[in-house]
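Atoms within each ligand, like the ligands themselves, are counted from 1 in listed order. Computed from a predicted model, the values in this text were never measured in an experiment.
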Amino acid sequence: MRHLKLICLIGDPVEHSISPTIHNEVFRELNLNYIYLAFRVVGDDLEHAVRGLKALGASGFNVTLPHKSAIIKYLDEVVPEAMFVGAVNTVVNEGGRFVGYNTDVVGVINTFKSLNIRLSGTSAAVLGAGGASRAVLYALASSGSSEVFLINRTFERAVSLAEEFSVKFPDVRFRPTGLTVSGLRVAVERAQILVNATSVGMYPSVDESLIPPELLRRDLIVFDVVYNPVETKLLRDARLRGATTVDGVHMLVHQAAAAFKLWTKVEPPVDFMFNVAYSSLR
Ligand code: ATR
């Protein structure tokens with residue numbers, strides 16, 4: 001048998017992740033000698049798990065909740081973008097050294113690029129102030145958005161995030177906004193792009209959305225990072241109001257494609273990955 005190269009996912013929980021399916025189907029399709037395995041790793045075991053993967057000579061791994069930030073201190077190097085975002089979701093074994101990347105950022109950038117959505121000069125409204133939001137903000141700011149409303153339930157988190165991002169991206173106007181009726185109205189009315197980067201709407205709470213449907217309109221692009229369900233309540237409301245909708249499978253696939261490229265140096269078959277993702281989610 002050919003020598004198999006090992007790629008892993010570590011997180012807690014990992015049972016419902018479709019990353020193993022996506023990557024293993026691609027490895028089979030392209031006849032690459034890799035295997036992708038998911039391991040549940042609880043918090044206290046993270047350091048041991050990383051050392052174990054190194055001892056085993058793993059080619060790389062994905063990191064998911066709750067370890068995306070904690071992993072940083074166990075890596076040999078973290079690229080500046082991932083360091084600023086404060087989260088690593090992909091690690092590559094580069095000659096025995098574990099190097100951390102954040103492919104969520106390029107996942108968001110490529111989501112918009114692939115749909116011919118130009119971000120330059122746009123005003124965007126982003127819901128959430130956690131790790132997903134930081135990747136989205138980084139993508140928008142580095143792709144030329146000129147104004148970003150940072151909407152969060154805990155207003156102070158939006159304020160400190162805005163301060164931090166303003167230092168990194170001085171040309172972008174970050175506007176911290178509370179999750180209030182008036183705050184939402186001002187932000188969504190000005191925005192061309194609305195992004196939900198919270199977990200609201202995710203299975204099993206499929207009837208929840210933070211945006212009153214009447215704020216949605218035809219010339220708005222609505223992107224939800226939640227991919228389960230594929231059409232969240234927010235996206236359904238947006239579709240019914242005539243808006244352009246972008247589901248979370250886009251970010252999922254584009255971040256996976258970027259990770260795949262980093263590990264294998266092979267050009268990822270993005271359309272094939274979409275097919276695998278949609279058929280395992282539907
Ligand atoms: P992640 O790293 O996945 O983004 P996180 O750091 O827990 O996760 O952040 C979750 C985000 O979703 C936060 O912005 C959170 O708002 P708070 O900062 O106020 O906690 C937001 N969020 C989660 N559930 C929410 C809800 N039911 N209503 C409004 N915002 C919610």
Determine, stepwise, if the pair F174 / F149 fulfils ring pair (Phe, Tyr, Trp, His ring centres under 6.0 Å).
CA-CA 6 Å; F174 292 97; F149 289 87; over 10 Å; no

L127 contact mode with ligand 1 (heavy-atom cut-off under 4.0 Å)
neither

Given the rule that I, L, V, M, F, W and Y join up when any side-chain heavy atoms are under 4.5 Å apart, are I221 and L115 in one cluster?
yes

Let me see the working for Y74 and F98 under ring pair (Phe, Tyr, Trp, His ring centres under 6.0 Å), right down to the final yes or no.
CA-CA 9 Å; Y74 304 123; F98 276 172; over 10 Å; no

Between N62 and S19, do the side chains contain an N or O donor and an N or O acceptor separated by less than 3.5 Å?
no

Please tell me if atom 9 (O) of ligand 1 is touched by the protein, where touching means a protein heavy-atom distance below 4.0 Å.
yes

Based purely on interatomic distance, does R157 place a nitrogen or oxygen under 3.5 Å from a nitrogen or oxygen of ligand 1?
yes

Ranked by distance from atom 6 (O) of ligand 1, the top protein heavy atom is G130 CA, 3.3 Å

Can you sort out which atoms of ligand 1 are near G128, meaning under 4.0 Å from one of its heavy atoms?
14 (O)

If you have a sec, work out which protein heavy atom is nearest atom 1 (P) of ligand 1 and how many Å separate them, to one decimal?
G131 N, 3.5 Å

Side chains of E81 and N102: do they bring a donor and an acceptor to under 3.5 Å?
no

Tell me, which protein residue and heavy-atom name are nearest atom 19 (O) of ligand 1, and how many Å apart are they?
T154 OG1, 2.5 Å

Heavy atom of protein inside 4.0 Å of atom 13 (C) of ligand 1, strictly below:
yes

Of all the atoms in ligand 1, which lie at a distance below 4.0 Å from a heavy atom belonging to L179?
29 (C)

Do the rings of Y36 and H23 sit parallel, tilted or perpendicular, given the 30° and 60° boundaries?
parallel

Just distances here: any N/O of L65 and N/O of ligand 1 closer than 3.5 Å?
no

If we number the atoms of ligand 1 from 1 as shown, the ones under 4.0 Å from a heavy atom of V200 are 24 (N), 25 (C), 26 (C), 27 (N), 28 (N), 31 (C)

Polar-atom distance check: N152 versus ligand 1, any N or O pair below 3.5 Å?
yes

Any carboxylate oxygen within less than 4.0 angstrom of a Lys/Arg side-chain nitrogen, looking at K54 and D76?
yes

T21 and S280: side-chain donor and acceptor closer than 3.5 Å?
no

In a check of side chain to side chain contact (heavy atoms under 4.5 Å, CB included) between F61 and each of I71, N89, N93, V92, which one passes?
I71

Note: R153, heavy atoms under 4.0 Å from ligand 1, region reported as both

